[in-house]
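Heads up: the structure comes next, in structure tokens.
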Amino acid sequence: MSRPRVYLDHAASAPLRRSAVEAMSAAMGVTGNPASLHGSGRRARALLEDAREDVADALGAHPTEVVFTSGGSESDAIAVLGGWRARRETRPRVIVGATEHPAVIGVTGEVPGTVVAAVDADGRLDVEALAARLGDDVGVVSVQGVNNETGTVQPIAGIAGAAHRHGAWFHTDAVQAAGHLRVDFGGSGADLASVSAHKVGGPVGVGALLVRREVRLPPYGLGGRQEGGVRSGTQAVMLAVGFAAALREAESARETESARLAGLRARLVDGIVDGIVGVRVNGGVHVSPAIVNLTFEGTRADDVLLLLDREGIDASTGSACRAGVHQPSDVLLAMGRTVAEAGASIRFSLGHTTGAADIERLLGVLPGIVATARDASGYAAS
Amino acid sequence: MGDRMRVLVAMSGGVDSAVAAARMVRDGHDVTGVHLALSKNPQSFRSGARGCCSLEDSHDARRVADRLGIPFYVWDLSDEFAERVVDDFVNEYAAGRTPNPCLRCNESIKFSAVLDRGRALGYDAVATGHYARLDRDGDDVVLRRATDDAKDQSYVLGVLDQDKLRHSLFPLAGTTKPEVRAEARELGFGVAKKPDSHDICFIPDGDTAGFLTRRLGTRPGDVVDEDGTVVGRHDGHHGFTVGQRRGLQLGRPADDGRPRYVLRIDPVDNRVVVGPREHLAVARIDGIRATWTQYPVLGGWRGLAQVRAHGEPMPARIDSDATTMSVLLDHPATGIAPGQAVVVYDGDRVVGSSTIARTEA
């Protein structure tokens, strides 16, 4: 009998919540295109709008501000690329943080003259330095709420305020914030915010872009102009329903869950720092309770992950793979780490199914695993 | 052996290593598949459906691992491969020698970098899809030719020593290629019909001379006959190998009108020496950097010598010490060049190898 696996990769994809399974099971049998005017269509549309209202309610937005998308990456692209296209005539510049998700960093290749705002050793943006880059040529500023690799929380309110003082739109990738930190779209000062269902225990394949009503985005892709004309394609009613159910559940339990996860995270960090030498905790003190990123000096992350996998523990580096090989994390490199340090770093991410026993099982095997991985890379502790 | 082991299978994406992995699983071992990424830019290697380096191959290997239900990882060994295999290949040609990169890869990547890393990570052995047999002689592991002569790959494994062989497994041992393909079909592997790879994996178009020219540039020099008379020009001696006849582009025919062959490369004077076929004959080979599969054989003994992956085993008298060997062929042979490996056998048992430093008629 093999023991159940310990899943510490919630930031990659969280296990589906029961509430989402039940809501989707009920919606699965519903026939109809929400754009159709007949009875079946009306029923599908009602489910979709119920989901939209729930998502809006959970995130402090108005239902008309919710644009359903295929997920976080599409939301980011619609926001940043769309925002730039909407304003490029008068405000052609875009500013993004150096540690943004690839879905945002990817636009730097499409938008000439994108400014990448530097972060400090903890991965945090300097609001003053970013403000100094602002001018009346900047159309969009995009900074994530919580970094997906390190859990670093950005000073969103300050950045939003600075952006607005210069007339720029502010977009935040809130994919890793939702469900763990309060996301109050209306009160945050953000003009655009991206969220993803499967990071909060909803299904993969759906997300939302919150768009403040005063903001007009051009269509992204061509077609039937659904979702306020921004995102064409028949809406995935069942997925939206699952998304709403998961987000509702996550939000209703958020305060107690965040405190619980913060306790687990503290136990994990203390246990690792006490039990293993040559460890650095990345991400600083302003950090999500759900993510911990550690550098195990003298290891190859791939070896640590292989050994964890063998012990039945799922974790990741959090950074991009190319052809099945982890690449040194651009996020950690932007934080000033060396290629060797970036290549020796692991992300553990926690969530609604994580319990104290999971953390203890990890702590039980990790010192041996790190020692083995150091041996495999020929590292001699100094 | 015989007990349940933790085995790392090097999975190229081809049919041989796929079946090797399946047999390790069938035998009850705790198996992990690993594909070696040997280029920083996988697309720059093969673009077809074969070889050891392309994205398709990695995908094919992963799909076999999926079917077997074993963990699968890709290990990036591109830096080691570039330095120890590709650079070595280029440097050897620049020095007028003819290297065997597959053998070098086995020696310094698969059964070195991968084996060492695997052992450190707790694996008992590395298994590959090579066609060769291992058996026991007391405490020693003995490397022998595969049963299928046509596929025998013992030559490219001849550089392995006892320490490496003790932690190596060749599950295809006594199988023929058609049997391996049939087994892959029965297992439902998509790679069952995948063609064999023959080329050098980092030269996907097969144009070795072109590859070397890109790396080494053009270095014009003379083509001379054995008297030193200039009979033509070349763009770089690295474009030639001993025994080559085609592509010499000689300005004038030989006095006797017979075809001429590359007899040797003289890197110091950047000359390619040509002459008649019979002058290619080599009776004595001197090898350096000897390796031994079990123990150094000291003194003189009779055995078989092989100088190419699928070359003929040639009866010879061998005189060896721990680091060198001289091989006196019973019947002189052609197409033997410095840089090639000579692998020596006692019957079907691989005894050792060395790198050919010089040859004599």
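Worth saying up front: this structure is predicted, and the values here are computed from it rather than measured. To find a chain, count down the sequence lines: A is the first, B the second, and so on, and within it residues start at 1.
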### Task
Output the option from L305(A), L306(A), T372(A), D375(A) having the highest count of non-hydrogen pairs under 4.5 Å with chain B.
L306(A)
### Message
Can you tell whether the side chains of D30(B) and R310(A) come within less than 4.0 Å, N to carboxylate O?
### Response
no
### Task
Identify the two heavy atoms, one from L121(B) and one from A373(A), that lie closest to each other, and give their separation to 0.1 Å.
CD2-CA, 4.5 Å
### Query
Stepwise, does the side chain to side chain contact (heavy atoms under 4.5 Å, CB included) test hold for D302(A) with R117(B)?
CA-CA 12 Å; D302(A) 282 325; R117(B) 184 168 169 185; 4.0 Å; yes
### Task
Would you indicate whether D139(B), at its atom CG, is surrounded by more than 12 heavy atoms from other residues, nucleotides or ligands within a distance under 6.0 Å?
no
### Query
Are there more than 12 heavy atoms of other residues, nucleotides or ligands under 6.0 Å from atom CZ of R5(A)?
yes
### Query
Taking atom CZ of R63(B) as the centre, does the number of heavy atoms from other residues, nucleotides or ligands within less than 6.0 Å exceed 12?
no
### Query
Is it the side chain or the backbone of L307(A) that comes within 4.5 Å of chain B heavy atoms, both, or neither?
side chain
### Task
Give the minimum heavy-atom separation between A376(A) and A120(B), together with the two atoms involved.
CA-CB, 3.3 Å
### Message
Measuring from atom CG of D303(A) to atom OH of Y73(B), what distance do you get when rounded to the nearest 0.5 angstrom?
### Response
10.0 Å
### R6(B) versus chain A, the contacting section by heavy-atom distance below 4.5 Å
side chain
